S.K.: 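There's a structure below that I have some questions on.
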Amino acid sequence: MSGRIWLSPPDVGPLEESYLLAALRSGWVAPLGPEVDAFERDVAHRVGVANAVALASGTAGLHLALLALGAGPGQVVVVPTLTFVATANAVVYTGAEPVFVDCDPATGNLDPALLRQLLAELDREGRAVAAVVPVDMFGSCADYDRILPVCAEFGVPVVEDAAEALGSGRGGRAAGSFGRAGVLSFNGNKIITTSGGGMIVSDDAELVARCRHLATQARQPAVHYEHAEVGYNYRLSNLLAAIGRAQLHRLDMMIDRRRRLREKYAKLFATRPGVRLLADDDAGANCWLTVVVVDPGAAGWRAGDLAEHLAGRDIETRPVWKPMHRQPVYACARALLSGAADQLFADGLALPSGSGMAESQIARTLETIDAFVEAR
Ligand SMILES: Cc1ncc(COP(=O)(O)O)c(C=O)c1O
């Protein structure tokens with residue numbers, strides 16, 4: 001058996017090829033075009049919102065959504081400490097200050113009780129909070145039943161970082177639809193990819209129009225290119241949108257494959273002491289990445305031991321995100337912590353989860369893990 005097994009590689013094939021070729025042959029190359037419009041409509045429909053703007057990345061989406069909500073110098077934006085750095089960086093791009101809050105150890109998602117405590121503290125201090133940005137971690141929606149009322153209590157808008165969660169849902173609502181705006185990523189490792197890309201989705205037509213304007217160099221509708229403010233070159237190209245449309249057709253199949261893989265991991269670990277799957281009771285998850293959490297005392301081994309064993313057999317894994325308050329770049333930032341994110345960083349491991357994994361690769365991964373656990 002040979003060949004590297006990746007964590008979450010792009011799953012593209014003949015359908016993507018035919019969509020891309022058709023877009024190229026249509027002449028709509030430079031750079032916007034009908035595929036972008038159609039991709040926006042398709043994704044908005046899937047998420048169940050009225051508006052969308054396709055962008056070059058999810059990071060660009062977070063940046064623009066925050067700008068549209070007025071985030072800027074002197075303001076605070078609340079961000080989970082357990083996330084990919086893009087969530088925090090987007091806040092800094094606006095000039096606002098990111099303040100970090102810890103997570104629920106069962107899911108890795110923003111802890112609503114700590115969020116309430118933090119917003120109350122900031123309120124007492126008279127700080128202006130431009131937004132809260134919950135992250136749907138590894139494809140499991142955050143606890144919006146509790147988060148949204150807390151944010152409403154303090155009058156703070158929510159930007160949902162659903163970069164990892166297209167196709168997920170909770171309580172009958174789709175990921176991306178919970179806040180004033182939702183942000184998706186189509187980066188190469190995500191559940192669907194445009195190679196690189198992102199989208200803002202929202203029922204707020206004005207907000208999306210504002211983001212579209214800012215993403216297009218803030219160009220006024222004049223033939224001579226009139227600009228009244230500084231904008232960005234953040235739009236997605238027509239060719240990449242064509243790939244995204246093909247991927248969207250296959251989304252449910254891809255979720256299904258990732259879910260079946262998660263079930264296999266769950267079965268493998270069910271009889272092993274000290275190992276659980278993160279957010280394993282979330283029936284609405286898109287199962288983007290399956291993460292095991294290992295209690296070394298009960299299991300007799302560490303997540304890092306399994307990572308090392310798999311790396312030695314050419315199987316990629318990844319630790320859970322290193323919390324933002326541990327990152328040198330954000331070491332001085334304010335944070336309200338419980339220790340949960342630190343614990344998940346120490347004990348969590350993301351396992352190969354790609355929808356394009358061949359049956360032989362799945363079998364090899366499971367056998368390799370099984371052999372490791374058996375030997376302990
Ligand atoms: C939670 C989270 N937020 C934001 C991003 C940024 O998305 P992009 O890579 O498309 O800029 C990512 C992934 O890359 C992510 O995982």
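Whatever order the structure lists them in is the order used to number ligands and atoms, beginning at 1. Since the model is a prediction, treat every value here as computed from it, not as a measurement. Numbers for residues simply follow the sequence, beginning at 1. All values below come from the heavy atoms of this structure, side chains included, with hydrogens, waters and symmetry mates left out.
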S.K.: Hey, does Asp161 come in under 3.5 Å of ligand 1, counting only N/O atoms on both sides?
M.R.: yes
S.K.: Keeping Asp161 on the side-chain end and Pro134 on the backbone end, is there a donor-acceptor pair under 3.5 Å?
M.R.: no
S.K.: Nearest protein heavy-atom contact for atom 12 (C) of ligand 1: which residue, which atom, what distance?
M.R.: Phe84 CD2, 3.5 Å
S.K.: Could you tell me whether ligand 1 has any atom less than 4.0 Å away from a heavy atom of Met137?
M.R.: no
S.K.: With no hydrogens and no angle check, is any side-chain donor or acceptor of Glu316 less than 3.5 Å from a backbone partner on Leu7?
M.R.: yes
S.K.: Check whether any N or O atom of Ser185, backbone or side chain, sits under 3.5 Å from an N or O atom of ligand 1, and answer yes or no.
M.R.: yes
S.K.: Got the closest protein heavy atom to atom 6 (C) of ligand 1, with its distance?
M.R.: Thr59 OG1, 3.5 Å
S.K.: Has ligand 1 got any nitrogen or oxygen that is less than 3.5 angstrom from a nitrogen or oxygen of Leu62?
M.R.: no
S.K.: Centroid-to-centroid, Phe186 to Phe39, below 6.0 Å?
M.R.: yes
S.K.: Between Arg260 and Asp256, does the salt bridge (Lys or Arg N to Asp or Glu O under 4.0 Å) criterion hold? Intermediate values first, please.
M.R.: CA-CA 6 Å; Arg260 279 192 285 122; Asp256 194 55; 3.5 Å; yes
S.K.: May I ask you to identify the nearest protein heavy atom to atom 1 (C) of ligand 1, giving residue, atom name and distance to one decimal place in Å?
M.R.: Glu164 OE2, 3.3 Å
S.K.: Please check if the side chain of Gln75 supplies one atom and the backbone of Gly72 the other of a donor-acceptor pair under 3.5 Å.
M.R.: yes
S.K.: Write out the residue and atom name of the closest protein heavy atom to atom 14 (O) of ligand 1, then the distance separating them to 0.1 Å.
M.R.: Lys190 NZ, 3.0 Å
S.K.: Does ligand 1 have an atom under 4.0 Å from some heavy atom of Ala90?
M.R.: no
